Number of protein chains: 2
Amino acid sequence: MAYEQLKLENQLCFRLYTAARLTMGVYHPYLDPLGITYPQYLVLLVLWEQDKQPVCDIAKKMMLDTNTVTPLLQRMEKSGLINRTRGKEDSRQRIVSLTEKGKAIQEQAKHIPECLSNDVALKTGDAEEIVKMIPTLDKLIDGLKKVEQ
Amino acid sequence: MAYEQLKLENQLCFRLYTAARLTMGVYHPYLDPLGITYPQYLVLLVLWEQDKQPVCDIAKKMMLDTNTVTPLLQRMEKSGLINRTRGKEDSRQRIVSLTEKGKAIQEQAKHIPECLSNDVALKTGDAEEIVKMIPTLDKLIDGLKKVEQ
DNA sequence: CAAATTTATATCGTTCACGATGCAAAATTA
DNA sequence: TAATTTTGCATCGTGAACGATATAAATTTG
């Protein structure tokens, strides 16, 4: 028999992992018509907030490393959402900018957050309580982010 | 400028996704010496709780599909953690059982949950509040799980 | 019982996540 | 200024997720 602490149902991380996966699944019907994936949607969020950013800034905001972000951006360039130009001041940098297509998607995407929150509310019965996790999740993320030494 | 709702900082899903990734990262120093990944650890948790289960039962408990679980189990069989035998009553089934190696790891793993919770407490300053998210995460997961029609 | 449907698993292709490594352009130091 | 270190990005390989599709064995239906 298993040790009590080794039961799946006692694992916080498993819940985070599952909740993240399932929530991303809810985005599917909204992102598929736009031809983008959830991580690509996150990149667009970053660029819609401020266009023309180097790869490292995007990576930092997404809390990912460049070895994840670079291929992601390459795919997005290939599908015509962004351009990647060399930095003028620092020629190591790649400045990522939205194409017209990338900009245009924002109009179609602006209702997604509301749709999502409606969907979640409908399915869980209580979105209120779920939104209340946000500050705690931030605390967790902030704590874990530091530990990387 | 971005619509307010389209800011990365306003996204719940992004937090779940990031929190899950970073928390899995905390497992690394414990799982690496055992030669397993986090999803493989989850499979072992399921099998330690009850040995000899068909793929579909494992998949259901992990809330994943067989197209994710099958290759995962194949890799685990390759590394000598499990065996996969044909079901006797239902020959479509693959019964997954722990090898001696798979069983032996349980002893080394039994301290992981406590280590994790210590690490998280140390890094966040307050594990109490984080553990309190569990019922809400369960509510969210339960809600989203149903929606798949 | 035969036909149709469902179930259990597997395979394939694409996209991510991430450790390890490489490289050239800055920035720092001696 | 030359040598060293750091930074920004890219590449490679492996392991996941997951949609789509396939196949054979059960199960249900007609």
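This is a predicted model, so every value here is computed, not measured. Each chain gets a letter, A, B and so on, in the order its sequence line appears, and its residues count up from 1.
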Numerically ordered, the residues 54-68 of chain A set in heavy-atom contact under 4.0 Å with DNA chain C is A:Leu64, A:Asn67, A:Thr68
Looking at CZ of A:Arg94 and CD1 of A:Ile82, how far apart are the two atoms once the value is rounded to the nearest 0.5 Å? 10.0 Å
Output the residues of residues 79-98 of chain A in contact with DNA chain D, where contact means a heavy atom of the residue under 4.0 Å from an atom of the strand; sort by number or write none. A:Arg84, A:Arg92, A:Gln93, A:Arg94
The first and last nucleotides of DNA chain C lying within contact of chain B, meaning any atom under 4.0 Å from one of its heavy atoms, run from C:dT7 to C:dC18
Would A:Val131 end up clustered with A:Leu137 when hydrophobic side chains under 4.5 Å apart are linked, directly or stepwise? yes
Mind running a 4.0 Å heavy-atom check of residues 34-43 of chain B against DNA chain D and sending the residues that fall below it, in number order? B:Thr37, B:Pro39, B:Gln40
Spacing of B:Thr23 atom OG1 and A:Gln11 atom CD [to the nearest 0.5 Å]: 11.5 Å
dist A:Asn83:CG -> A:Met76:CE (nearest 0.5 Å) comes out at 11.5 Å
Under 3.5 Å, is there a donor on one side chain and an acceptor on the other for B:Asp119 and B:Tyr30? yes
Take A:Leu122 and A:Asn118, measure what side chain to side chain contact (heavy atoms under 4.5 Å, CB included) needs, and give me the verdict at the end. CA-CA 6 Å; A:Leu122 196 68; A:Asn118 287 341; over 6 Å; no
Determine whether the side chains of A:Gln93 and A:Lys88 contain a donor N or O and an acceptor N or O closer than 3.5 Å. no
Result for 5'-nearest mapping on DNA chain D, choosing between A:Thr70 and A:Arg21, is A:Thr70
Let's go through B:Glu129 and B:Lys132 carefully: what are the C-alpha distance in whole Å and the side-chain angles of both, what is the deciding distance for salt bridge (charged side-chain N to carboxylate O under 4.0 Å, His left out) to 0.1 Å, and is it a yes or a no? CA-CA 5 Å; B:Glu129 181 184 343; B:Lys132 277 187 191 153; over 6 Å; no
For the residue pair A:Arg86 and A:Arg92, what are the closest heavy atoms and their distance? NH1-O, 4.1 Å
Salt bridge or not for A:Asp142 and A:Lys139, using N-O below 4.0 Å? no
With sequence neighbours left out, the residues meeting salt bridge (Lys or Arg N to Asp or Glu O under 4.0 Å) with A:Glu107 are A:Lys110
Distance to the ring centre below 6.0 angstrom and angle to the axis at most 45 degrees; does that hold for A:Arg21 and A:Tyr17? yes
With rounding to the nearest 0.5 Å, note down the distance linking CD1 in B:Ile105 to CG in B:Leu34. 5.5 Å
What are the 5'-most and 3'-most nucleotides of DNA chain D lying under 4.0 Å from any heavy atom of chain A? D:dT7 to D:dC18
May I ask you to decide if the ring planes of A:Trp48 and A:Tyr41 are parallel, tilted or perpendicular, using 30° and 60° as cut-offs? perpendicular
Look up atom CE in A:Met62 and atom CG in A:Asp57, then write down how far apart they are to the nearest 0.5 Å. 13.0 Å
